[in-house]
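Presented below is the structure to which this report refers.
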Amino acid sequence: MQVTQRFAQLLQNNVGKVIVGKEKAVELMMIAILCRGHVLIEDVPGVGKTTLASALARSLDCSFKRIQFTPDITPSDITGFSIANFKTGELEYRPGMIMSQIVLADEINRTSPKTQSSLLEVMEEGQVSVDGVTYEVPKPFVVLATQNPVDFVGTYPLPEAQLDRFFMRVSIGYPTAEEEVEILERYTTGARPMEELKPICTASDIVRLQQEVEKVYSAKEVRAYISAIAAASRRSGALQLGISTRAAISLLRAAQARALLEGRDYVVPEDVQRMAEPVLAHRLVLSPEARMRNMTAERILANVLGSVQVPVKVR
């Protein structure tokens, strides 16, 4: 546990050399990585989505590729393709841009739905299939995707199947007045902190920490609590699509990781409550009536959580 907490502090300090504030966003992304999950960073343009993802990737000594999603990107650009070797007469695989440990999918909602769907297999199973042959991606494997809200021109909303494959959604938000002043001061000096950023851990370190998360104990009462939340969401009249089983598993994993970062080897209901919004809100599909009433997924989720009895004793 001390190793995990030290890793968390080092990562916060390292990313803080580039990003001012946003400790909560960094912590959430760190939890996702510890849970082998992918992160969707959603916010308006210009608040540092790409910078945050790049700083996090540079802080980890892993292979890294950035994919700038545009309408002309094709699925084979992502997954790779087979090409004939005229000397041997056999097909040879040419790896696509997804074949990396940390992948920054920049502005993922600016590419076509067909290209977006090429990520479904690799995000769920850690592999790509090309011409009937399966190729595994290197471990650890994390997709950090950024997107602008769908009401901006030239964007395509992500389908529910793909949203469900993102472990969590993170919003950065505008900086405070003090933070913005500090950002402006950094840029007046001509400093380039991103270029000077050094990794703070290796790929094997990350894999070891991921294994530690799985050892965190979750009592039967906690698991029943998560199941009750999922069931309540499926009964909600404000939701057309409730929480999936994949989402419930993700919530449990996130609670385990948060407990580990808090210095505990067991999960408490508060861990579940704190992780519910970033893990679940983006997966919910509102009913037409709820959309007409301008309700938000976050508000509905809060109502769902409030309707479920919190376990008092956890053993």
Crowded around E214 CD? As in, over 12 foreign heavy atoms under 6.0 Å? yes

What are the two closest non-hydrogen atoms of A281 and L301, and how far apart are they? N-CD2, 4.1 Å

Could you tell me whether a side-chain N or O of R66 sits under 3.5 Å from a main-chain N or O of V103, the two making a donor and an acceptor? no

Note: E298-R169 ion pair, threshold 4.0 Å (strictly below): yes

Examine the side chains of S118 and T79 and answer whether a donor and an acceptor come within less than 3.5 Å of each other. no

Could you check L280, V279, T245 and say which one makes a side-chain contact (heavy atoms from CB on, under 4.5 Å) with S250? V279

Stepwise side-chain hydrogen bond (donor to acceptor under 3.5 Å, both in side chains) check, Q68 with E107: CA-CA 7 Å; Q68 184 65 52; E107 296 190 282; 3.1 Å; yes

Run D265 and K215 through side chain to side chain contact (heavy atoms under 4.5 Å, CB included) and show every step you take. CA-CA 8 Å; D265 60 357; K215 297 177 183 177; over 6 Å; no

Y174 reachable from V26 in the ILVMFWY side-chain graph, under 4.5 Å edges: yes

Evaluate the side-chain hydrogen bond (donor to acceptor under 3.5 Å, both in side chains) criterion for residues S171 and D43: first the C-alpha distance (whole Å), next the side-chain angles of each, then the deciding distance (0.1 Å), finally the verdict. CA-CA 6 Å; S171 295; D43 222 315; 4.6 Å; no

Same cluster (ILVMFWY, side-chain, under 4.5 Å), V133 and M99: yes

For S236 and S233, test the side chains for any donor-to-acceptor distance below 3.5 angstrom and give the result as yes or no. no

Can you tell me if S129 uses its side chain to pair, donor with acceptor, with the backbone of T134 under 3.5 Å? no

So, R58 side chain and L197 main chain: donor-acceptor pair closer than 3.5 Å or not? no

Of the non-hydrogen atoms in A255 and V267, which two are nearest, and what is the gap between them? CB-CG1, 3.7 Å

Side chain to side chain contact (heavy atoms under 4.5 Å, CB included) between S218 and L252, worked out: CA-CA 8 Å; S218 62; L252 175 61; 3.7 Å; yes

Co-membership, hydrophobic cluster, residues F81 and I98, 4.5 Å side-chain: no

May I ask you to check whether E121 and Q127 show a side-chain donor-acceptor distance below 3.5 Å? yes

E182 side chain to E179 backbone, donor-acceptor under 3.5 Å: no

Within the distance-only criterion (no hydrogens, no angle test), does the side chain of R264 pair as donor or acceptor with the backbone N or O of Y266 below 3.5 angstrom? yes

Looking at every heavy atom in both L284 and G242, which two are closest together, and how far apart are they? CD2-C, 4.2 Å

Heavy-atom closest pair (R110 atom, F69 atom, distance to 0.1 Å) is CB-O, 3.7 Å

In terms of heavy-atom contacts, does CZ of R36 have more than 12 from other residues, nucleotides or ligands at under 6.0 Å? yes

Between R258 and E27 (salt bridge meaning N to carboxylate O under 4.0 Å), is one present in this structure? no

Kindly say whether A161 contributes a backbone atom to a donor-acceptor pair with the side chain of D164 at under 3.5 angstrom? no

Going by atom types only, do Q273 and Y225 share a side-chain donor-acceptor pair under 3.5 Å? yes

Can you check whether L260 reaches E212 side chain to side chain, under 4.5 Å on heavy atoms? yes

Keeping the roles fixed (side chain from S100, backbone from F64), state whether a donor-acceptor pair exists under 3.5 Å. yes

Group every Ile, Leu, Val, Met, Phe, Trp and Tyr by side-chain heavy-atom contacts under 4.5 Å, then state whether L209 and L10 land in the same group. yes

Kindly give the heavy-atom pair with the smallest separation between N303 and M295, and that separation in Å. ND2-CE, 4.5 Å

So do Q101 and V142 actually touch side chain to side chain, heavy atoms under 4.5 Å? no

With a sphere of 6.0 Å drawn around NZ of K114, does it hold more than 12 non-hydrogen atoms of other residues, nucleotides or ligands? no

E92, CD atom: more than 12 neighbouring heavy atoms under 6.0 Å: yes

L40 vs L158, test: side chain to side chain contact (heavy atoms under 4.5 Å, CB included). Steps then yes/no. CA-CA 11 Å; L40 179 63; L158 298 178; 4.2 Å; yes

Is it true that the side chains of R165 and Q162 contain a donor and an acceptor less than 3.5 Å apart? no

Would you check if the side chain of D205 reaches a backbone N or O of T202 as a donor-acceptor pair within less than 3.5 Å? yes

Stepwise side chain to side chain contact (heavy atoms under 4.5 Å, CB included) check, Y156 with Q116: CA-CA 9 Å; Y156 303 85; Q116 290 176 4; 3.8 Å; yes

If you count every heavy atom of other residues, nucleotides or ligands that lies below 6.0 Å from E289 atom CD, does the total exceed 12? no

Between N14 and K198, is any side-chain donor less than 3.5 angstrom from a side-chain acceptor? no

Single-linkage hydrophobic cluster, 4.5 Å side-chain cutoff, F166 and I249 together: no

Donor-acceptor check, side chain of S59 to backbone of A55, threshold 3.5 angstrom: yes or no? yes

Between D106 and T50, a side-chain donor and acceptor under 3.5 Å: yes

Is atom CZ of R299 surrounded by more than 12 heavy atoms (other residues, nucleotides or ligands) closer than 6.0 Å? no

Looking only at heavy atoms, which two atoms of I41 and A53 are closest? And how far apart? CD1-CB, 4.0 Å

Using atom types as modelled and distance alone, determine if a side-chain donor or acceptor of H282 lies under 3.5 Å from a backbone N or O of E42. no

Please state whether the rings of Y93 and Y135 are parallel, tilted or perpendicular, taking 30° and 60° as the class boundaries. parallel

Of L56, V39, L261, the one forming a side-chain contact (heavy atoms from CB on, under 4.5 Å) with M30 is L261

